[in-house]
Amino acid sequence: MSEQPLKHIAIVGQGVELWFSTVFLTAALKPFNVAVTCIELGGCANVNTAPLEALSPQVLRLLKLMQIGELDLIRQCRGGYSLGLDCRSVHNRFFVPHGELGLEPNDSVLVGAAYSNYAKRGIHNLDALSVAATAAQQGKFAVVGTDRPDLQALLRYGVHLETDRLVNFLKHQLTRLGATHVSAVNEPPVISLNRGQIASLLCSSGKKICADFWIDLSANGVLQEASKNVAMHSLLSGCSAVQVAQSWREAPPNSAARQLSTAENVLHDTLNSARIEQSSLYSDSEKALADLCASKPLARFDWQFSKKSYCALASIWDENCLRLGERALQIPGPAFSRLSLIMAALVQFVDQLPDAGVKPALIQSYNRNMSAYINEAFSFNATMFTLVNKSYRAAGDVPSQSEVFSRTGRLLPAATDAVEPQQWKSLLYGLMGAPALTDITLDRIASGDVNKALNELEKKIHGIASSMPNYADFLVRLLGR
(Lines give C-alpha, C1' and ligand atoms only; values in the text may rest on other atoms or scores of the structure.)
Protein backbone atom coordinates (compact mmCIF):
# COMPACT_ATOMS: atom_id res chain seq x y z
CA MET A 1 0.00 0.00 0.00
CA SER A 2 1.00 3.67 -0.18
CA GLU A 3 3.59 4.90 2.28
CA GLN A 4 1.80 8.25 2.60
CA PRO A 5 0.59 9.18 6.11
CA LEU A 6 -3.06 8.30 6.75
CA LYS A 7 -5.64 11.09 6.59
CA HIS A 8 -8.98 9.28 6.70
CA ILE A 9 -9.93 5.99 8.40
CA ALA A 10 -13.32 4.28 7.95
CA ILE A 11 -14.57 1.67 10.46
CA VAL A 12 -17.21 -0.88 9.44
CA GLY A 13 -19.12 -2.96 11.98
CA GLN A 14 -21.90 -3.23 14.55
CA GLY A 15 -22.55 -3.11 18.26
CA VAL A 16 -20.34 -2.12 21.19
CA GLU A 17 -17.10 -2.95 19.34
CA LEU A 18 -17.91 -0.43 16.58
CA TRP A 19 -18.78 2.44 18.91
CA PHE A 20 -15.95 1.84 21.39
CA SER A 21 -13.37 1.54 18.58
CA THR A 22 -14.60 4.69 16.83
CA VAL A 23 -14.52 6.79 20.02
CA PHE A 24 -11.01 5.52 20.81
CA LEU A 25 -9.56 6.17 17.35
CA THR A 26 -11.23 9.58 17.07
CA ALA A 27 -9.81 10.70 20.42
CA ALA A 28 -6.35 9.22 19.76
CA LEU A 29 -5.90 10.51 16.19
CA LYS A 30 -7.69 13.86 16.38
CA PRO A 31 -4.47 15.72 17.35
CA PHE A 32 -2.90 14.38 14.14
CA ASN A 33 -5.78 15.57 11.92
CA VAL A 34 -6.83 12.04 10.97
CA ALA A 35 -10.56 11.92 10.20
CA VAL A 36 -12.61 8.89 11.34
CA THR A 37 -15.90 7.72 9.81
CA CYS A 38 -18.10 5.14 11.52
CA ILE A 39 -20.16 2.93 9.14
CA GLU A 40 -22.85 1.01 11.03
CA LEU A 41 -24.06 -2.16 9.31
CA GLY A 42 -27.75 -3.02 9.50
CA GLY A 43 -29.21 -6.09 11.20
CA CYS A 44 -27.94 -7.72 14.38
CA ALA A 45 -27.24 -11.33 13.38
CA ASN A 46 -23.60 -11.17 14.44
CA VAL A 47 -23.81 -8.58 17.22
CA ASN A 48 -23.28 -9.49 20.86
CA THR A 49 -26.81 -9.22 22.28
CA ALA A 50 -25.80 -10.17 25.84
CA PRO A 51 -27.06 -7.63 28.37
CA LEU A 52 -23.64 -7.10 29.94
CA GLU A 53 -20.30 -6.12 28.40
CA ALA A 54 -17.11 -6.82 30.36
CA LEU A 55 -14.24 -4.32 30.11
CA SER A 56 -10.82 -5.59 31.18
CA PRO A 57 -8.37 -3.47 33.21
CA GLN A 58 -6.39 -2.95 30.01
CA VAL A 59 -9.43 -1.52 28.22
CA LEU A 60 -10.27 0.70 31.20
CA ARG A 61 -6.85 2.33 30.91
CA LEU A 62 -7.95 3.77 27.57
CA LEU A 63 -10.75 5.83 29.14
CA LYS A 64 -8.43 8.69 30.09
CA LEU A 65 -7.15 8.93 26.51
CA MET A 66 -10.77 8.95 25.32
CA GLN A 67 -11.53 11.78 27.78
CA ILE A 68 -14.18 9.67 29.50
CA GLY A 69 -14.65 9.79 33.26
CA GLU A 70 -14.75 6.29 34.75
CA LEU A 71 -17.28 7.19 37.45
CA ASP A 72 -19.60 8.72 34.86
CA LEU A 73 -19.33 5.51 32.83
CA ILE A 74 -20.14 3.33 35.85
CA ARG A 75 -23.11 5.44 36.94
CA GLN A 76 -24.67 5.94 33.52
CA CYS A 77 -24.21 2.29 32.47
CA ARG A 78 -25.16 0.82 35.88
CA GLY A 79 -21.85 -0.99 36.08
CA GLY A 80 -20.33 -3.49 38.46
CA TYR A 81 -16.70 -4.23 39.33
CA SER A 82 -14.56 -7.34 38.96
CA LEU A 83 -11.29 -8.10 40.75
CA GLY A 84 -10.66 -11.28 38.76
CA LEU A 85 -12.06 -14.76 38.18
CA ASP A 86 -13.31 -16.77 41.16
CA CYS A 87 -12.84 -20.31 39.84
CA ARG A 88 -14.23 -23.60 41.07
CA SER A 89 -12.98 -26.82 39.51
CA VAL A 90 -14.17 -30.29 40.43
CA HIS A 91 -11.73 -30.67 43.34
CA ASN A 92 -10.46 -27.17 43.93
CA ARG A 93 -11.35 -23.50 44.25
CA PHE A 94 -8.98 -20.70 43.36
CA PHE A 95 -8.88 -17.07 42.27
CA VAL A 96 -7.22 -15.59 39.16
CA PRO A 97 -6.71 -11.92 40.09
CA HIS A 98 -6.28 -8.88 37.87
CA GLY A 99 -3.87 -7.49 40.48
CA GLU A 100 -0.44 -8.65 41.52
CA LEU A 101 0.44 -11.24 44.16
CA GLY A 102 2.11 -10.35 47.45
CA LEU A 103 2.54 -6.81 48.75
CA GLU A 104 6.03 -5.79 47.63
CA PRO A 105 8.07 -6.49 44.47
CA ASN A 106 10.53 -8.64 46.46
CA ASP A 107 7.63 -10.84 47.61
CA SER A 108 7.97 -12.71 44.29
CA VAL A 109 10.66 -14.90 45.89
CA LEU A 110 8.31 -15.78 48.72
CA VAL A 111 5.47 -16.46 46.26
CA GLY A 112 7.77 -18.87 44.43
CA ALA A 113 8.59 -20.66 47.69
CA ALA A 114 4.87 -20.91 48.47
CA TYR A 115 4.23 -23.35 45.61
CA SER A 116 5.85 -26.40 47.18
CA ASN A 117 5.11 -25.22 50.73
CA TYR A 118 1.37 -24.88 50.15
CA ALA A 119 1.18 -28.20 48.27
CA LYS A 120 2.66 -30.00 51.28
CA ARG A 121 -0.09 -28.45 53.42
CA GLY A 122 -2.82 -29.51 50.96
CA ILE A 123 -3.49 -25.97 49.73
CA HIS A 124 -3.79 -25.69 45.95
CA ASN A 125 -4.34 -21.98 45.42
CA LEU A 126 -2.53 -18.70 45.99
CA ASP A 127 -5.58 -16.81 47.26
CA ALA A 128 -4.04 -15.98 50.63
CA LEU A 129 -1.20 -14.17 48.83
CA SER A 130 -3.56 -11.98 46.77
CA VAL A 131 -5.23 -8.85 48.14
CA ALA A 132 -7.75 -9.02 45.27
CA ALA A 133 -8.68 -12.65 46.00
CA THR A 134 -9.00 -12.04 49.73
CA ALA A 135 -11.10 -8.90 49.24
CA ALA A 136 -13.38 -10.51 46.65
CA GLN A 137 -14.04 -13.54 48.81
CA GLN A 138 -14.84 -11.26 51.76
CA GLY A 139 -17.20 -9.21 49.57
CA LYS A 140 -15.01 -6.09 49.85
CA PHE A 141 -14.02 -3.51 47.25
CA ALA A 142 -12.38 -0.10 46.94
CA VAL A 143 -11.10 2.14 44.13
CA VAL A 144 -7.57 3.09 45.19
CA GLY A 145 -6.42 6.68 44.68
CA THR A 146 -3.37 7.74 42.70
CA ASP A 147 -1.58 8.48 45.99
CA ARG A 148 -1.24 4.70 46.57
CA PRO A 149 0.30 3.23 43.39
CA ASP A 150 1.36 0.16 45.39
CA LEU A 151 -2.27 -0.71 46.20
CA GLN A 152 -3.39 0.18 42.67
CA ALA A 153 -1.17 -2.61 41.34
CA LEU A 154 -2.67 -5.06 43.85
CA LEU A 155 -6.31 -4.10 43.24
CA ARG A 156 -6.58 -3.79 39.47
CA TYR A 157 -10.17 -4.22 38.40
CA GLY A 158 -12.41 -4.63 35.39
CA VAL A 159 -16.04 -3.57 35.05
CA HIS A 160 -19.31 -5.01 33.74
CA LEU A 161 -21.64 -2.53 32.03
CA GLU A 162 -25.19 -2.86 30.74
CA THR A 163 -24.82 -3.12 26.96
CA ASP A 164 -27.73 -0.89 25.87
CA ARG A 165 -26.67 1.90 28.19
CA LEU A 166 -23.03 1.55 27.10
CA VAL A 167 -23.95 1.90 23.41
CA ASN A 168 -25.96 5.07 24.11
CA PHE A 169 -23.13 6.45 26.23
CA LEU A 170 -20.57 5.83 23.46
CA LYS A 171 -22.81 7.40 20.82
CA HIS A 172 -22.98 10.54 22.94
CA GLN A 173 -19.17 10.56 23.25
CA LEU A 174 -18.86 10.15 19.48
CA THR A 175 -21.05 13.21 18.91
CA ARG A 176 -18.93 15.17 21.37
CA LEU A 177 -15.74 14.27 19.51
CA GLY A 178 -17.22 15.16 16.12
CA ALA A 179 -16.76 11.85 14.29
CA THR A 180 -18.91 11.09 11.23
CA HIS A 181 -21.54 8.35 11.51
CA VAL A 182 -23.14 6.67 8.48
CA SER A 183 -25.69 3.84 8.46
CA ALA A 184 -25.44 1.17 5.76
CA VAL A 185 -28.97 -0.13 6.57
CA ASN A 186 -29.52 -3.86 5.87
CA GLU A 187 -28.08 -4.51 2.41
CA PRO A 188 -24.39 -5.44 2.04
CA PRO A 189 -22.35 -2.38 1.03
CA VAL A 190 -20.82 -2.16 -2.46
CA ILE A 191 -17.02 -2.08 -2.36
CA SER A 192 -14.82 -0.40 -5.00
CA LEU A 193 -11.17 -1.34 -5.46
CA ASN A 194 -8.16 0.55 -6.80
CA ARG A 195 -5.04 -1.49 -7.60
CA GLY A 196 -6.01 -4.22 -5.14
CA GLN A 197 -6.82 -1.82 -2.32
CA ILE A 198 -10.21 -0.79 -0.97
CA ALA A 199 -11.00 2.69 -2.30
CA SER A 200 -14.63 3.36 -1.40
CA LEU A 201 -17.84 1.91 0.01
CA LEU A 202 -21.33 2.66 -1.34
CA CYS A 203 -24.12 2.48 1.25
CA SER A 204 -27.69 1.49 0.41
CA SER A 205 -28.69 5.11 1.06
CA GLY A 206 -26.57 6.10 -1.94
CA LYS A 207 -23.88 7.76 0.18
CA LYS A 208 -20.33 6.98 -0.99
CA ILE A 209 -17.57 6.79 1.62
CA CYS A 210 -13.94 7.20 0.50
CA ALA A 211 -11.01 6.51 2.81
CA ASP A 212 -7.34 5.64 2.55
CA PHE A 213 -7.54 3.02 5.34
CA TRP A 214 -10.29 0.62 6.46
CA ILE A 215 -11.00 -1.32 9.65
CA ASP A 216 -13.42 -4.23 9.37
CA LEU A 217 -15.09 -5.14 12.69
CA SER A 218 -17.90 -7.19 11.15
CA ALA A 219 -18.12 -10.77 12.38
CA ASN A 220 -18.37 -12.15 8.83
CA GLY A 221 -15.75 -9.86 7.29
CA VAL A 222 -17.76 -7.78 4.80
CA LEU A 223 -14.56 -6.32 3.32
CA GLN A 224 -12.82 -9.66 2.98
CA GLU A 225 -14.35 -10.74 -0.33
CA ALA A 226 -13.74 -7.35 -1.87
CA SER A 227 -9.99 -7.58 -1.38
CA LYS A 228 -9.86 -11.01 -3.07
CA ASN A 229 -7.19 -12.06 -0.60
CA VAL A 230 -7.52 -15.47 0.98
CA ALA A 231 -3.81 -16.07 1.53
CA MET A 232 -4.08 -14.31 4.90
CA HIS A 233 -6.22 -17.16 6.20
CA SER A 234 -3.31 -19.58 6.63
CA LEU A 235 -3.77 -20.98 10.11
CA LEU A 236 -1.22 -20.75 12.88
CA SER A 237 -3.13 -23.32 14.90
CA GLY A 238 -6.24 -25.33 14.17
CA CYS A 239 -9.79 -24.08 14.49
CA SER A 240 -11.81 -24.72 17.62
CA ALA A 241 -15.51 -24.62 18.33
CA VAL A 242 -17.47 -24.27 21.55
CA GLN A 243 -21.15 -24.42 22.43
CA VAL A 244 -22.46 -21.40 24.36
CA ALA A 245 -25.70 -20.89 26.32
CA GLN A 246 -26.56 -17.53 27.90
CA SER A 247 -29.28 -16.24 30.20
CA TRP A 248 -29.90 -13.23 32.41
CA ARG A 249 -32.24 -12.07 35.16
CA GLU A 250 -32.77 -9.21 37.58
CA ALA A 251 -30.34 -9.50 40.47
CA PRO A 252 -28.87 -7.39 43.29
CA PRO A 253 -25.10 -6.82 43.55
CA ASN A 254 -23.35 -9.94 44.72
CA SER A 255 -19.59 -9.98 44.76
CA ALA A 256 -16.70 -7.96 43.40
CA ALA A 257 -15.39 -11.12 41.75
CA ARG A 258 -16.52 -12.61 38.48
CA GLN A 259 -17.73 -16.11 39.30
CA LEU A 260 -16.63 -19.19 37.36
CA SER A 261 -17.62 -22.71 38.30
CA THR A 262 -17.66 -26.11 36.66
CA ALA A 263 -20.28 -28.82 36.30
CA GLU A 264 -19.26 -32.00 34.50
CA ASN A 265 -17.59 -30.68 31.33
CA VAL A 266 -19.34 -27.31 31.31
CA LEU A 267 -17.91 -23.95 32.37
CA HIS A 268 -20.50 -21.85 34.19
CA ASP A 269 -19.58 -18.15 34.14
CA THR A 270 -21.58 -15.50 36.01
CA LEU A 271 -21.14 -11.73 36.21
CA ASN A 272 -23.22 -8.92 37.72
CA SER A 273 -23.94 -5.28 37.08
CA ALA A 274 -25.96 -3.20 39.52
CA ARG A 275 -29.20 -4.55 38.07
CA ILE A 276 -28.54 -7.66 35.95
CA GLU A 277 -27.05 -11.07 36.59
CA GLN A 278 -25.80 -12.75 33.41
CA SER A 279 -24.88 -16.41 33.25
CA SER A 280 -23.00 -18.10 30.42
CA LEU A 281 -22.35 -21.80 29.97
CA TYR A 282 -19.47 -22.97 27.75
CA SER A 283 -18.84 -26.54 26.62
CA ASP A 284 -17.44 -28.55 23.74
CA SER A 285 -20.34 -30.99 24.28
CA GLU A 286 -23.76 -29.92 23.04
CA LYS A 287 -25.47 -32.72 24.97
CA ALA A 288 -23.77 -31.86 28.26
CA LEU A 289 -24.75 -28.23 27.83
CA ALA A 290 -28.41 -29.07 27.09
CA ASP A 291 -28.57 -31.50 30.02
CA LEU A 292 -27.20 -28.91 32.43
CA CYS A 293 -29.61 -26.21 31.21
CA ALA A 294 -32.53 -28.60 31.69
CA SER A 295 -31.49 -29.50 35.24
CA LYS A 296 -32.49 -27.81 38.46
CA PRO A 297 -31.97 -25.03 39.50
CA LEU A 298 -30.95 -23.84 36.02
CA ALA A 299 -34.24 -24.96 34.45
CA ARG A 300 -35.97 -21.74 35.50
CA PHE A 301 -33.68 -19.69 33.24
CA ASP A 302 -34.42 -18.94 29.59
CA TRP A 303 -31.24 -20.12 27.86
CA GLN A 304 -30.16 -18.96 24.41
CA PHE A 305 -27.87 -21.37 22.54
CA SER A 306 -25.20 -20.58 19.96
CA LYS A 307 -22.02 -22.09 18.54
CA LYS A 308 -18.77 -20.16 18.15
CA SER A 309 -15.73 -21.09 16.11
CA TYR A 310 -12.40 -19.36 16.11
CA CYS A 311 -8.92 -19.73 14.73
CA ALA A 312 -5.69 -17.75 14.76
CA LEU A 313 -4.88 -16.04 11.48
CA ALA A 314 -1.37 -15.46 10.19
CA SER A 315 -2.07 -11.79 9.49
CA ILE A 316 -4.90 -9.38 10.16
CA TRP A 317 -3.37 -6.33 8.46
CA ASP A 318 -3.34 -6.74 4.69
CA GLU A 319 -2.99 -3.90 2.16
CA ASN A 320 -5.06 -0.97 3.47
CA CYS A 321 -7.38 -2.93 5.76
CA LEU A 322 -7.35 -4.28 9.31
CA ARG A 323 -9.73 -7.25 9.66
CA LEU A 324 -10.44 -7.40 13.37
CA GLY A 325 -13.98 -8.72 13.51
CA GLU A 326 -13.60 -12.07 11.80
CA ARG A 327 -13.40 -15.51 13.38
CA ALA A 328 -9.91 -14.86 14.70
CA LEU A 329 -11.23 -12.43 17.30
CA GLN A 330 -14.54 -14.10 18.18
CA ILE A 331 -12.91 -15.84 21.07
CA PRO A 332 -15.33 -17.59 23.45
CA GLY A 333 -14.68 -18.17 27.08
CA PRO A 334 -14.65 -16.27 30.37
CA ALA A 335 -11.16 -14.76 30.31
CA PHE A 336 -11.06 -12.67 27.11
CA SER A 337 -13.76 -10.88 25.18
CA ARG A 338 -13.91 -9.92 21.51
CA LEU A 339 -13.85 -6.25 22.52
CA SER A 340 -10.68 -6.55 24.61
CA LEU A 341 -8.78 -8.19 21.74
CA ILE A 342 -10.03 -5.65 19.19
CA MET A 343 -8.95 -2.78 21.41
CA ALA A 344 -5.51 -4.34 21.94
CA ALA A 345 -5.11 -4.56 18.17
CA LEU A 346 -6.16 -0.93 17.72
CA VAL A 347 -3.82 0.31 20.45
CA GLN A 348 -0.86 -1.29 18.73
CA PHE A 349 -2.05 0.13 15.41
CA VAL A 350 -2.24 3.66 16.84
CA ASP A 351 1.17 3.30 18.49
CA GLN A 352 2.75 3.03 15.03
CA LEU A 353 0.83 5.88 13.41
CA PRO A 354 0.91 8.57 12.21
CA ASP A 355 4.61 9.15 12.90
CA ALA A 356 5.57 7.73 9.51
CA GLY A 357 4.09 6.32 6.35
CA VAL A 358 2.71 2.78 6.32
CA LYS A 359 5.68 0.66 5.23
CA PRO A 360 5.70 -3.11 4.51
CA ALA A 361 8.14 -3.72 7.37
CA LEU A 362 5.74 -2.01 9.77
CA ILE A 363 2.87 -4.23 8.60
CA GLN A 364 4.96 -7.38 9.05
CA SER A 365 5.96 -6.32 12.55
CA TYR A 366 2.35 -5.56 13.45
CA ASN A 367 1.05 -8.94 12.26
CA ARG A 368 3.85 -10.78 14.04
CA ASN A 369 3.21 -9.00 17.35
CA MET A 370 -0.57 -9.38 17.19
CA SER A 371 -0.28 -13.07 16.33
CA ALA A 372 1.73 -13.58 19.52
CA TYR A 373 -0.80 -11.57 21.52
CA ILE A 374 -3.83 -13.45 20.18
CA ASN A 375 -2.15 -16.83 20.62
CA GLU A 376 -1.45 -15.95 24.25
CA ALA A 377 -5.12 -15.15 24.81
CA PHE A 378 -6.16 -18.39 23.10
CA SER A 379 -3.71 -20.37 25.22
CA PHE A 380 -5.01 -18.86 28.45
CA ASN A 381 -8.63 -19.62 27.55
CA ALA A 382 -7.70 -23.12 26.39
CA THR A 383 -5.95 -23.78 29.69
CA MET A 384 -9.05 -22.50 31.50
CA PHE A 385 -11.07 -25.12 29.63
CA THR A 386 -8.90 -27.87 31.12
CA LEU A 387 -10.92 -27.21 34.29
CA VAL A 388 -13.72 -29.23 32.77
CA ASN A 389 -12.03 -31.34 30.10
CA LYS A 390 -9.53 -33.03 32.41
CA SER A 391 -9.93 -34.98 35.62
CA TYR A 392 -7.68 -33.93 38.50
CA ARG A 393 -7.20 -36.61 41.10
CA ALA A 394 -4.47 -35.25 43.35
CA ALA A 395 -1.53 -32.89 43.35
CA GLY A 396 1.25 -34.23 41.15
CA ASP A 397 -1.18 -36.64 39.46
CA VAL A 398 -2.43 -34.39 36.66
CA PRO A 399 -2.88 -36.17 33.31
CA SER A 400 -2.34 -32.96 31.36
CA GLN A 401 0.54 -31.61 33.46
CA SER A 402 3.08 -31.60 30.61
CA GLU A 403 0.49 -30.14 28.25
CA VAL A 404 -0.45 -27.35 30.67
CA PHE A 405 3.11 -26.33 31.44
CA SER A 406 4.60 -26.78 27.97
CA ARG A 407 3.09 -23.39 27.14
CA THR A 408 4.93 -21.73 30.00
CA GLY A 409 8.42 -23.20 30.02
CA ARG A 410 9.30 -23.41 33.69
CA LEU A 411 6.47 -21.22 34.90
CA LEU A 412 5.62 -18.14 32.85
CA PRO A 413 4.41 -17.75 29.26
CA ALA A 414 6.10 -15.87 26.47
CA ALA A 415 6.15 -12.18 27.32
CA THR A 416 3.18 -10.32 25.86
CA ASP A 417 0.68 -7.85 27.25
CA ALA A 418 -2.21 -10.30 26.86
CA VAL A 419 -1.90 -12.19 30.15
CA GLU A 420 -0.34 -10.83 33.33
CA PRO A 421 2.27 -13.12 35.00
CA GLN A 422 0.27 -13.44 38.22
CA GLN A 423 -2.75 -14.64 36.23
CA TRP A 424 -0.75 -17.52 34.76
CA LYS A 425 0.68 -18.34 38.19
CA SER A 426 -2.75 -18.45 39.85
CA LEU A 427 -4.37 -20.38 37.01
CA LEU A 428 -1.72 -23.05 36.65
CA TYR A 429 -1.31 -23.62 40.37
CA GLY A 430 -5.10 -23.72 40.76
CA LEU A 431 -5.13 -26.54 38.22
CA MET A 432 -3.14 -28.49 40.82
CA GLY A 433 0.03 -28.72 38.78
CA ALA A 434 3.53 -28.79 40.21
CA PRO A 435 5.53 -26.11 38.38
CA ALA A 436 9.30 -26.11 38.57
CA LEU A 437 10.80 -23.54 40.90
CA THR A 438 11.98 -20.35 39.22
CA ASP A 439 14.90 -20.19 41.63
CA ILE A 440 16.72 -23.43 42.47
CA THR A 441 17.64 -22.02 45.89
CA LEU A 442 14.02 -21.84 47.00
CA ASP A 443 13.82 -25.51 47.92
CA ARG A 444 16.81 -24.99 50.24
CA ILE A 445 14.89 -22.55 52.42
CA ALA A 446 13.88 -24.12 55.73
CA SER A 447 10.16 -24.85 55.79
CA GLY A 448 9.85 -23.20 59.21
CA ASP A 449 11.22 -19.93 57.89
CA VAL A 450 8.92 -20.11 54.87
CA ASN A 451 5.86 -20.80 57.03
CA LYS A 452 6.68 -17.87 59.30
CA ALA A 453 7.17 -15.45 56.39
CA LEU A 454 4.02 -16.67 54.63
CA ASN A 455 1.93 -16.34 57.79
CA GLU A 456 3.11 -12.75 58.28
CA LEU A 457 2.33 -11.88 54.66
CA GLU A 458 -1.11 -13.51 54.83
CA LYS A 459 -1.98 -11.53 57.99
CA LYS A 460 -1.01 -8.23 56.32
CA ILE A 461 -3.08 -9.05 53.23
CA HIS A 462 -6.06 -10.10 55.34
CA GLY A 463 -5.82 -6.86 57.30
CA ILE A 464 -5.83 -4.72 54.14
CA ALA A 465 -8.87 -6.55 52.74
CA SER A 466 -10.77 -6.35 56.05
CA SER A 467 -10.32 -2.57 56.18
CA MET A 468 -11.98 -2.11 52.76
CA PRO A 469 -15.69 -1.19 52.48
CA ASN A 470 -18.37 -3.74 51.69
CA TYR A 471 -18.77 -4.09 47.90
CA ALA A 472 -22.56 -3.79 47.80
CA ASP A 473 -22.50 -0.68 50.03
CA PHE A 474 -19.75 0.84 47.91
CA LEU A 475 -21.75 0.32 44.72
CA VAL A 476 -24.98 1.72 46.20
CA ARG A 477 -23.17 4.87 47.37
CA LEU A 478 -21.42 5.25 44.02
CA LEU A 479 -24.60 4.96 41.96
CA GLY A 480 -26.51 7.18 44.35
CA ARG A 481 -24.18 10.18 44.04
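As a basis for the values below, the full set of heavy atoms in this structure was taken, side chains included, without hydrogen atoms, waters or symmetry mates. Keep in mind that this is a model prediction, so the values were computed, not measured.
- For the atom pair CG of Leu126 and CG of Leu427, the computed distance is 11.0 Å after rounding to the nearest 0.5 Å.
- Annotation: side chain to side chain donor-acceptor pair (under 3.5 Å) contacts of Asn168 (sequence neighbours excluded): none.
- Sorted by first and then second residue, the salt bridge (Lys or Arg N to Asp or Glu O under 4.0 Å) pairs with a member in residues 150-167 read Arg78-Glu162, Glu100-Arg156, Arg148-Asp150, Glu162-Arg165, Glu162-Arg275; sequence neighbours excluded.
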side-chain contact (heavy atoms from CB on, under 4.5 Å) between Ile74 and Leu161: does it pass, once the steps are laid out? CA-CA 7 Å; Ile74 294 293; Leu161 308 169; 4.0 Å; yes
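- The pair Asp86-Arg258 fails the salt-bridge criterion, with no side-chain N (NZ, NE, NH1 or NH2) lying under 4.0 Å from an Asp/Glu carboxylate O.
- In this structure, CG on Leu281 lies 4.5 Å from SG on Cys293, to the nearest 0.5 angstrom.
- Taking all atoms of both residues into account, the shortest heavy-atom contact from Leu101 to Ser426 is CD2-OG, 4.1 Å.
- Nearest heavy atom pair, residue Asp212 against residue Ile9, reads OD1-N, 4.5 Å.
- Considering all non-hydrogen atoms of both residues, Leu154 and Ala132 come closest at O-CB, 3.8 Å.
- Contact check on Asp473 versus Arg477 returns no salt bridge, with no Lys/Arg side-chain nitrogen under 4.0 Å from an Asp/Glu carboxylate oxygen.
- For the residue pair Ser280/Gln246, the side-chain donor-acceptor check at 3.5 Å is satisfied.
- The minimum heavy-atom distance between Cys77 and Phe169, with the atom names listed, is SG-CB, 4.0 Å.
- The two atoms that bring Leu289 and Tyr282 nearest to each other are CD1-N, 4.3 Å, heavy atoms only.
- More than 12 non-hydrogen atoms from other residues, nucleotides or ligands lie less than 6.0 angstrom from CD of Glu70.
- Between the side chains of Glu40 and His181, a donor-acceptor pair is found at a separation under 3.5 Å.
- Scored by the side chain to side chain donor-acceptor pair (under 3.5 Å) test, Glu277 finds Arg249 as partners (sequence neighbours excluded).
- His268 and Thr262 are not linked by any side-chain donor-acceptor pair at a separation below 3.5 angstrom, with hydrogens and angles left out of the test.
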Report the C-alpha distance between Phe95 and Leu85 in whole Å, list the side-chain angles of each, state the deciding distance to 0.1 Å, and finish with yes or no for side-chain contact (heavy atoms from CB on, under 4.5 Å). CA-CA 6 Å; Phe95 195 86; Leu85 295 173; over 6 Å; no
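- The aromatic ring centroids of Phe349 and Phe213 lie less than 6.0 Å from each other.
- Closest of all the heavy-atom pairs between Trp214 and Ser200 is CZ2-CA, 3.7 Å.
- Gln173 and Arg176 share a side-chain donor-acceptor pair at under 3.5 Å.
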